[in-house]
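Here the structure comes first, spelled out in structure tokens, and everything after it is commentary.
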Amino acid sequence: MNFLRQEQPAGMPHISIKLLRVFGVTGGPDVRFRILPVMLTYVFCIVVPKCFYGYPNQEIAIIGIAELFFLTNSFCGMFLLFLNRHKLAEFIRHVRTFSLTVLQESPPAVVQHLTTQHDFIHKITRMYCIVVMFAAHFYVLTPFLSTLYAFYGTVRNENATMHFALQIEENFYGLQTRTTTSHYLLFGMIMTPTVYLCAFTGTVKTVTICDTTIHCILYFQLAQLKLRIVTQDNTFRQELKTVIKMHQDALNCASLLESITSLVLLLQLILCVLIWSSMLLYFTVSGFDLNFISLIILFVFDTTETFAYCYLGELLSYESARIAHIVYKNGWERQHAYVQKDLQVIIARAQRPVGITAGKFCYMNMAQLGIIVKTTYSFFVILRDQI
């Protein structure tokens with residue numbers, strides 16, 4: 001896992017930067033075209049077969065559509081990040097400058113908080129990547145194992161029907177993947193790397209948004225800690241300008257983050273309702289089988305991803321607004337007039353809403369998660385009544 005090793009300086013989303021470089025989102029112009037084979041794989045191995053070659057029955061059609069929504073969320077989300085690569089490069093420059101400034105010029109308590117939280121964020125991000133890797137192995141290997149088990153059953157019982165379990169439910173360009181062994185093996189050879197690519201793409205998109213959001217939360221926490229230290233030591237005259245600059249840098253990073261992730265989260269918001277409702281529909285019309293387990297895995301990951309965006313978005317808004325609370329709580333009105341003026345600037349800036357939005361229509365927070373759940377249930381009821 002050298003690829004996921006911890007890097008310096010602390011305070012930067014190093015794992016996200018390295019993962020995005022694989023897709024050509026970060027890095028120089030020489031890696032920019034890495035996104036092209038990824039999107040071509042998505043179009044010709046997923047979209048075209050699922051949209052134009054039909055399904056053998058209703059249950060498999062529901063699975064195929066749910067998978068299409070899920071994979072569209074991953075690949076198109078990554079492509080939107082690629083389109084915002086210039087803003088992302090600017091964000092990386094900002095966070096690098098911010099981190100180096102904190103490490104070089106801040107008190108030991110602030111530096112310790114930065115390095116401690118950076119270590120924690122790195123461990124959580126690394127753990128998530130490893131969990132997804134094992135889940136991808138399960139998703140790839142289980143259909144082959146299920147097919148081998150079915151083949152063993154047909155050998156022992158001549159009246160048994162052979163069933164080929166597919167990694168992704170689709171009719172692949174007219175191949176008889178469900179009945180012909182050679183076609184099934186060819187399909188498996190194509191779909192195995194495709195499934196790993198799907199898992200990797202979705203992981204990079206999720207890790208990027210969560211990792212960058214957590215680091216923005218950390219920057220506001222550092223500004224809060226710096227403000228507390230200045231208040232305790234009564235060093236407003238010497239340190240207040242530094243606090244204002246740190247707060248403004250954190251606001252700039254949060255503004256760039258919102259601009260980068262806005263369209264990605266709008267896509268997440270729309271497709272999440274479609275994914276959940278289609279998966280719930282399948283759970284009500286099917287029995288417990290391999291497809292059920294596969295959809296459960298996708299459902300868990302999509303739910304975790306949406307919950308993470310909403311929770312981290314609310315936490316970002318909370319930590320930003322907490323700056324004003326700290327200034328007000330520590331008696332800003334008792335300071336000298338010139339100090340009050342600077343503190344009023346901090347309060348005014350901290351009162352402006354900060355967070356990540358879905359296309360600038362709404363903030364991603366826990367209240368929005370409740371709206372998503374209600375909308376999903378309403379859409380699910382409508383679909384269920386139509387079947």
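Annotation for R21: atom CZ counts as buried by contact number, over 12 foreign heavy atoms lying within 6.0 Å. No more than 12 heavy atoms of other residues, nucleotides or ligands lie within 6.0 Å of CE in M127, so this atom counts as exposed by the packing criterion. Taking a 6.0 Å sphere around OH of Y173, one finds it holds more than 12 heavy atoms contributed by other residues, nucleotides or ligands. Other residues, nucleotides and ligands contribute only 12 or fewer heavy atoms inside 6.0 Å of the OH atom of Y318.
Between E258 and K87, no side-chain nitrogen of the basic residue sits less than 4.0 Å from a carboxylate oxygen of the acidic one, so the salt-bridge criterion is not met. Comment: D249 engages K245 in a salt bridge, judged by a side-chain N to carboxylate O separation of less than 4.0 angstrom.
If you look at Y196 and H137, their ring centroids are closer than 6.0 Å. Remark: aromatic rings of F172 and Y53 are distant, center separation not under 6.0 Å. Checked against the 6.0 Å centroid threshold, H113 and H118 do not count as a close aromatic pair.
Relative ring orientation between F307 and Y311 is described as parallel, the plane-to-plane angle staying below 30° on a 0-90° scale split at 30° and 60°.
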TODO: Evaluate the criterion side-chain contact (heavy atoms from CB on, under 4.5 Å) for residue pair K360 and L266; output intermediate values, then yes/no.
DONE: CA-CA 8 Å; K360 300 186 184 298; L266 177 61; over 6 Å; no

Task: Residue pair T357, L265: steps toward the side-chain contact (heavy atoms from CB on, under 4.5 Å) verdict - done: CA-CA 7 Å; T357 66; L265 294 178; over 6 Å; no

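Checked by atom type, the side-chain pair Q224/E319 shows a donor-acceptor distance below 3.5 Å. Residues Y128 and T203 have side chains that never bring a donor and an acceptor to within less than 3.5 angstrom of each other. Q268 and K205 form a side-chain donor-acceptor contact under 3.5 Å, judged by distance and modelled atom types alone. Side-chain contact of Q167 with T192: a donor-acceptor pair under 3.5 Å is present, judged by distance alone. W276 and T303 share a side-chain donor-acceptor pair at under 3.5 Å.
Among T180, N171, T177, the one residue that satisfies the side chain to side chain contact (heavy atoms under 4.5 Å, CB included) test with F187 is T177.
Shown here are the ring-ring contact (aromatic ring centres under 6.0 Å, His included) partners of F23, two or more places apart in sequence or in another chain: F200. Checked against side-chain contact (heavy atoms from CB on, under 4.5 Å), T116 has the following partners two or more places apart in sequence or in another chain: Q112.
Proximity of L251 to F220: side-chain heavy atoms (C-beta onward) are separated by under 4.5 Å at one or more points.
A distance of 8.0 Å separates CZ in R126 from CD1 in I15, rounded to the nearest 0.5 Å.
A donor-acceptor pair under 3.5 Å is absent between the side-chain atoms of S259 and the main chain of S255, judged by distance alone.
Residues F91 and L83 are members of one and the same hydrophobic cluster, defined by side-chain heavy-atom contacts under 4.5 angstrom among Ile, Leu, Val, Met, Phe, Trp and Tyr.
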